[in-house]
Amino acid sequence: MQKIEINDFLDQPSISKITYAPSGKYCAFIITKPDITTNNYLKDIWLLKDDKITKLTNEGNINDFYFIDDNTILLPKAYPSDIIGEHTTYFNLDINTKKYNLAFDIPLKVSSIQSINNKYLIKASTDASYPDYYQMNNNQRQNIEDIKKENQDYEIFDEIPFWANKSGNSWSGFVNKKRERLFIFDPINNKLKPISNPLFDVLCMAINKDKILYAGEEYNSKQKKKHQFYLYDLTNDKLTLIHPEQDYFVKDIKVLNEEFIFIGSDQKRYGVEENHTFYKIDEQGIITTISKEDQYLGDSINVDLKYGKNKAFKVYNNKIYYLTTRRMACDLYAIDIKGNIEPVLKINGAINDFDIAQDKIIYTAFNDMQPQELYYFDLADKTNKQLTNLNNFKDKYIAQPEHITFKNNNYTMDGWILKPYNYDQNKKYPTILSIHGGPRTMYAPVFQHEMQTIANHGYFVIYCNPEGSCGLGNEFADLRGKYGTIDYDDIMLFVDTVLTNYPNIDSNKLGVIGGSYGGFMVNWIITHTHRFKVAIAQRSISNWITQCGCSDQGPWFAMDQMAAKSFADGEKLWDKSPLKYSDNVTTPTLFMHANNDHRCDLVEDIQMFQALKINDIPSKFVYFKDENHHLSRTGKPTHRIKRLKEMLNWLDKYLKEDQNV
């Protein structure tokens with residue numbers, strides 16, 4: 001059996017944007033595959049029809065699409081328009097002939113589109129500094145573009161957040177005065193009508209007959225990260241602020257039994273990271289709770305071979321079907337208007353995306369230690385079958401996770417062990433502890449290319465879900481003011497448990513790696529114990545004071561998680577900062593960071609790296625240009641390859657010297 005190599009992720013495609021045609025007789029989806037030639041990702045639409053999967057487009061850059069009818073798909077496509085500046089050109093694609101016809105050109109950067117009464121409701125990225133940009137003529141737009149070009153070497157900020165890490169949102173980089181705005185587009189008359197205000201940032205919306213409900217926040221200095229609700233009546237062109245209080249964070253809005261339902265949180269019990277639940281809001285803005293769902297809504301399981309847009313909620317037959325991350329899997333559940341919850345589909349892994357029609361569910365999942373595949377589930381007869389065979393690791397060694405539990409603070413927690421390639425029970429092996437990000441995400445027994453690569457390189461890989469992870473409810477996940485305490489104790493107990501149960505692990509050759517929150521924990525661990533002989537901190541946090549001041553999540557996340565009220569609570573922030581304890585470090589540490597990471601700013605790893613260098617601790621800093629916080633998952637293919645090579649070289653240097661494995 002062959003080994004899994006660093007470059008193998010290049011051959012593994014991913015499926016996203018699963019969408020049934022209006023009749024429900026077939027569905028379309030986007031397949032994304034890394035491409036080393038272009039150093040990018042090739043994305044095209046495929047069809048599943050009559051149990052056959054066929055490629056529909058050959059553009060290589062299709063990010064989105066929308067069904068007009070059973071025979072026509074609307075999609076954005078690059079086109080040499082005569083419109084100056086930002087615009088989005090849509091084409092109608094005949095799925096039978098595969099021919100394109102120009103549909104319309106919208107003078108905005110459109111982020112979502114859906115039909116409504118022979119028109120379109122669109123959400124578009126706009127700049128509130130130029131609120132009328134969309135209706136300017138070419139000469140006026142050219143003047144604006146000339147001003148932007150003339151001023152491109154400097155930026156002015158007068159609000160926070162002033163930058164954003166790219167994570168599926170339309171805006172990334174500098175975002176001062178950038179907003180998502182709602183419009184009605186009339187394709188017949190080629191007219192745009194704004195609905196939301198220029199400074200109002202629309203997060204989500206839903207259409208109920210002639211009414212549009214949308215949620216978001218209007219600000220001109222700083223975000224509160226809590227949202228208001230507006231109701232727009234198409235029949236009389238009336239816009240009403242029905243819930244002015246900013247007392248909920250809203251994740252999504254759906255229409256169930258002709259009533260508006262939103263998924264969100266009031267953040268009263270567990271802070272900004274509180275799991276969302278289901279609420280009903282009427283046209284007067286009165287909110288009532290439907291369910292006290294305590295688990296994470298959506299897919300929060302760590303994987304590194306998943307790309308594209310995925311849905312977490314879908315209304316079907318008077319129920320909201322939704323993904324929820326629980327214990328060791330991400331499964332599909334359903335809830336009705338009365339708050340009754342039922343499990344629909346449980347798997348041994350993580351469901352990532354789905355759609356439903358005619359009692360048939362098409363979904364993607366990382367199942368049974370396979371990379372992502374497309375599956376079919378029949379709600380009536382419970383038939384469940386795999387539809388695709390995209391797995392390019394079939395003939396290679398896939399380390400199977402061995403489950404282990406450990407107990408602390410009245411919780412039973414989960415961990416896993418991957419054995420190395422060509423495992424020999426008579427040998428001792430070096431071992432890598434991997435710590436997930438978040439912290440409110442989690443590991444599960446699913447295929448991870450990075451972990452498999454390390455195991456195939458001759459290491460045990462161990463990983464767990466300590467307190468702070470999702471999957472066991474809000475109480476378990478609530479780490480406010482506790483970073484580096486209960487989570488650290490859990491992780492160290494897990495390591496001790498593994499060492500007791502796996503005598504083939506060489507306790508003198510332990511390494512630790514992690515990114516984001518996992519990077520914080522790496523920094524915390526090397527400042528509080530010397531048991532690890534090597535460490536790799538990626539996109540980490542070393543100083544909560546600078547994290548509060550520099551992150552695109554700003555003080556909202558960091559202050560909340562550190563149980564601090566402001567920078568005046570500097571002691572709380574500094575006491576939980578690994579940098580404070582950097583004189584304790586003896587562990588050789590590799591730091592890896594991207595220059596456009598605005599979630600955990602570059603300064604975090606720089607500070608820790610310099611602290612170690614000052615103390616003559618072996619350390620190295622790898623800096624990636626033109627990448628963001630998601631480098632390890634969606635970065636340029638060449639950068640992902642370089643990253644893994646640097647990691648393995650660093651681990652080998654300190655764990656494999658004079659050792660034959």
request  = Output all residues satisfying salt bridge (Lys or Arg N to Asp or Glu O under 4.0 Å) with Arg633, sequence neighbours left out; order by chain, then residue number.
outcome  = none
query = Partners of Lys306 by salt bridge (Lys or Arg N to Asp or Glu O under 4.0 Å), sequence neighbours excluded?
reply = Asp299
key: Quiz item: cation-pi between Lys385 and Tyr376, 6.0 Å / 45°   = yes
inquiry  = Is the positively charged end of Arg326 above the ring of Tyr296, judged by distance under 6.0 angstrom from the centroid and angle within 45° of the axis?
reply    = no
query = Taking only residues two or more places apart in sequence, or in another chain, which ones meet His227 in a side-chain hydrogen bond (donor to acceptor under 3.5 Å, both in side chains)?
reply = none
request  = Kindly write out the residues that satisfy side-chain hydrogen bond (donor to acceptor under 3.5 Å, both in side chains) with Lys193, not counting sequence neighbours, or none if the list is empty.
outcome  = Asp237
Does the distance from a Lys or Arg side-chain N to an Asp or Glu carboxylate O, for [X] and [Y], drop under 4.0 Å?
X      : Y      : result
Glu342 : Lys319 : yes
Glu274 : Arg269 : no
Asp414 : Arg327 : yes

remark   = The complete set of ring-ring contact (aromatic ring centres under 6.0 Å, His included) pairs with one or both residues in residues 30-59, sequence neighbours excluded, reads Tyr41-Tyr307
key: Qualifying ring-ring contact (aromatic ring centres under 6.0 Å, His included) pairs with a residue from residues 311-362, counting only residues at least two apart or across chains   = Phe278-Tyr322
note = Residue set satisfying side chain to side chain contact (heavy atoms under 4.5 Å, CB included) with Gln386, at least two apart, ordered chain then number -> Gln370, Glu373, Tyr375, Asn389
query = Can you list the residues that meet the side chain to side chain contact (heavy atoms under 4.5 Å, CB included) rule with Ser516, with sequence neighbours excluded?
reply = Arg539, Cys600, His629
request  = Please work out whether the ring planes of Tyr120 and Tyr66 are parallel, tilted or perpendicular, with thresholds of 30° and 60°.
outcome  = perpendicular
query = With no hydrogens and no angle check, do the side chains of Asp105 and His87 hold a donor and an acceptor under 3.5 Å apart?
reply = yes
request  = Classify the side-chain pair Asn302/Thr441 by whether it contains a donor and acceptor separated by less than 3.5 Å.
outcome  = yes
Aromatic contact, His276 with Phe249 (centres under 6.0 Å) = yes
Proximity of Phe229 and Phe260 rings by center, below 6.0 Å = no
Sequence neighbours left out, what passes ring pair (Phe, Tyr, Trp, His ring centres under 6.0 Å) with [X]? Give chain and number order.
X      : answer
Phe183 : Tyr134
Tyr20  : none
Tyr79  : Phe91
Tyr463 : Trp416, Tyr443

request  = With the side chain counted from C-beta on, respond yes when Asn317 and Ile356 share a heavy-atom pair under 4.5 Å apart, and no when they do not.
outcome  = no
query = Is any side-chain heavy atom of Leu390 less than 4.5 Å from a side-chain heavy atom of Ile15?
reply = yes
query = Could you go step by step and tell me if Glu218 and Tyr230 meet the side chain to side chain contact (heavy atoms under 4.5 Å, CB included) rule?
reply = CA-CA 11 Å; Glu218 186 165 3; Tyr230 276 88; 4.3 Å; yes
query = Nearest 0.5 Å, what's the CD1-CG distance between Ile4 and Asn392?
reply = 11.0 Å
request  = Any chance you could lay out the side chain to side chain donor-acceptor pair (under 3.5 Å) test for Lys360 and Gln358, step after step, and finish with the verdict?
outcome  = CA-CA 5 Å; Lys360 294 176 177 60; Gln358 298 181 348; 5.0 Å; no
query = Can you list the steps and then say if Asn63 with Lys43 is a side chain to side chain donor-acceptor pair (under 3.5 Å)?
reply = CA-CA 7 Å; Asn63 293 299; Lys43 296 164 282 189; 2.7 Å; yes
query = Of all heavy-atom pairs between Ala329 and Ile347, which one has the smallest distance, and what is that distance?
reply = CB-O, 3.7 Å
ask   = Which heavy atom of Asn474 sits nearest a heavy atom of Asn275, and at what distance?
value = OD1-N, 2.9 Å
